[in-house]
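Shown next, in structure tokens, is the structure this report addresses.
From a predicted model like this one, the values you see are computed outputs, not experimental measurements. Chain identifiers are assigned alphabetically (A, B, ...) following the order of the sequence lines, protein sequences preceding nucleic acid strands; residue numbering begins at 1 within each chain.
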There are 2 protein chains.
Amino acid sequence: MARPQLIDREAVLDAALAIADEHGLGAVTMRAVADRLQVTQMALYRHVANKADLLDGLVERLLCELPAPEAALAWDVQLRTMAQGVRTTAKRHPGVFPLLLQLPANTPLARGVRDRVRAALVQAGVPHERVTSAERLVSTAVLGFATSEALGRFRGLSRAEIDRDFTLLQQMLLAGIEGLRH
Amino acid sequence: MARPQLIDREAVLDAALAIADEHGLGAVTMRAVADRLQVTQMALYRHVANKADLLDGLVERLLCELPAPEAALAWDVQLRTMAQGVRTTAKRHPGVFPLLLQLPANTPLARGVRDRVRAALVQAGVPHERVTSAERLVSTAVLGFATSEALGRFRGLSRAEIDRDFTLLQQMLLAGIEGLRH
DNA sequence: ACCTGAACACCGTTCAAGT
DNA sequence: ACCTGAACACCGTTCAAGT
């Protein structure tokens with residue numbers, strides 16, 4: 001006999017993300033997630049393979065939040081928008097964000113983000129054979145900055161100082177990209 | 001009555017680092033460290049305040065490994081040497097290295113590294129009021145790249161490709177630094 | 001002074017059982 | 001089909017006790 005379904009995968013991820021945002025990644029235990037859903041820990045395993053799968057789900061959630069600027073916009077506007085979006089997500093979910101750095105990034109969603117960056121670089125005039133490495137360079141730099149910010153490595157600096165640093169980084173990257181044009 | 005001292009802080013850190021290098025940070029448990037030292041877990045607490053303190057000790061160990069190039073060398077040689085040293089350490093200790101990104105970096109050793117980078121930037125002709133932010137920019141970029149490498153985000157790329165990417169990053173950073181000169 | 005035994009609260013995970 | 005109870009192996013940490 002079917003009994004009323006109390007939770008589903010989305011609800012599990014919602015609860016886990018809320019806990020991570022409020023109390024950090026360390027507070028995300030199967031028990032804590034279950035408690036928030038008014039359910040026992042074991043109930044989670046029907047909707048999530050294990051804890052690693054749950055964390056993968058959280059990363060996917062962050063990737064969903066990243067902006068997808070119109071391809072009709074100027075290439076540098078597209079890149080700036082995406083870079084700013086990465087920072088915004090990092091600040092909104094500082095506990096989960098660092099996981100982005102250690103992911104293989106082979107999921108459809110991660111590939112989608114990468115393809116958007118590559119497309120903007122092609123529009124910028126970067127020759128095709130250099131696009132792959134240029135994308136890695138830009139993504140690594142932006143991800144590294146945002147992760148540092150999320151993990152508190154810039155603790156003690158004012159928001160204005162961090163913003164100025166980020167602008168400087170963007171200028172360097174844009175100048176570097178222009179140097180790759182044919 | 002004094003009994004023979006079986007272990008000390010250095011031995012604890014040696015064992016923990018060896019385990020992390022061999023089996024990853026997740027394998028570094030108080031039990032595993034104690035087992036390797038032929039001692040019970042509880043014995044560790046006399047030499048290490050708790051697990052967080054142990055991890056701090058590991059980070060210090062990595063900072064010790066970073067090269068300290070002669071100040072008489074050309075500024076760009078100094079920076080290249082330090083950047084290469086960061087990468088070497090990241091590859092030698094991929095399990096522990098990511099911890100560098102989340103550390104407050106206010107320990108004497110971390111300050112020492114930062115001061116060496118700052119000194120090289122001053123030699124490069126970066127005006128004093130911009131040295132602080134330039135140092136953060138350079139360090140964040142290099143640390144972000146090395147962390148990505150350590151965490152396997154470049155998995156699937158050949159060593160030659162990664163090296164080329166890193167050279168590209170260095171060139172961009174050096175160009176950016178030259179742009180800051182007065 | 002340094003190490004150990006016993007104990008505690010916590011963690012992820014499994015599996016048979018209930019509805 | 002979905003959730004629960006009971007159980008397991010593991011974790012960090014404490015404290016009194018032994019030498």
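For H47(A), a side-chain nitrogen or oxygen approaches OP1 or OP2 of dC3(D) to under 4.0 Å. A close approach under 4.0 Å does not occur between any side-chain nitrogen or oxygen of T40(A) and OP1 or OP2 of dC3(D).
Looking only at side-chain heavy atoms (C-beta outward), R159(B) and D163(B) come within less than 4.5 Å of each other. With contacts defined as side-chain heavy-atom distances shorter than 4.5 Å, the pair E149(A)/R155(A) does not qualify.
The partner of dG5(C), taking Watson-Crick or G-U wobble pairs whose two distances both stay under 3.5 Å, is dC15(D).
When the nearest nucleotides of DNA chain C are assigned to A49(A) and G26(A) by heavy-atom distance, the more 5′-ward of the two goes with G26(A). Two residues, D8(A) and A52(B), neighbour DNA chain D, and the one matched to the more 5' nucleotide by heavy-atom proximity is D8(A).
Annotation: cation-pi pair R87(B)/F145(B) absent, no NZ/CZ under 6.0 Å from the ring centroid and within 45° of its normal.
Taking only side-chain atoms of Q5(A), from C-beta outward, the nucleotide of dC2(D), dG12(D), dA6(D) with the closest atom is dC2(D). Proximity note for Y45(A) (side chain, C-beta onward) versus dG5(C), dT14(C), dC2(C): the nearest is dT14(C). Each of dC2(C), dT14(D), dT4(D) was ranked by its minimum atom distance to the side chain of R46(B); first place goes to dC2(C). Listed nucleotides: dT13(D), dT14(C), dT4(C). Nearest to the side chain of K51(B): dT13(D).
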Tell me, with the steps shown, if W75(A) and I177(A) meet side chain to side chain contact (heavy atoms under 4.5 Å, CB included).
CA-CA 11 Å; W75(A) 66 270; I177(A) 290 167; 3.9 Å; yes

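Here the C1' atom of nucleotide dC11(C) and the CG atom of L25(A) are 14 Å apart, to the nearest Å. One interatomic measurement links the two molecules: CD1 of I19(B) to C1' of dC11(D), which rounds to 14 Å at whole-angstrom precision. The CG atom of D35(B) sits 14 Å away from the C1' atom of dT4(C) (whole-angstrom rounding). If you take CG of D53(B) and P of dT13(D), they are 10 Å apart, rounded to a whole angstrom. Here dT4(C) presents its C1' atom at 15 Å from CD of Q38(B), a figure rounded to the nearest Å. When rounded to the nearest whole Å, the span between CZ of R9(B) and P of dC2(C) equals 14 Å. Here dA6(C) presents its C1' atom at 11 Å from CD of Q41(B), a figure rounded to the nearest Å. Atom CG in L6(B) sits about 5 Å away from atom P in dC3(C), given to the nearest Å.
At the heavy-atom level, M30(B) lies under 4.0 Å from the strands shown only through sugar-phosphate atoms.
Going from atom CG of D35(B) over to atom CD of Q38(B) covers 8.5 Å, rounded to the nearest 0.5 Å.
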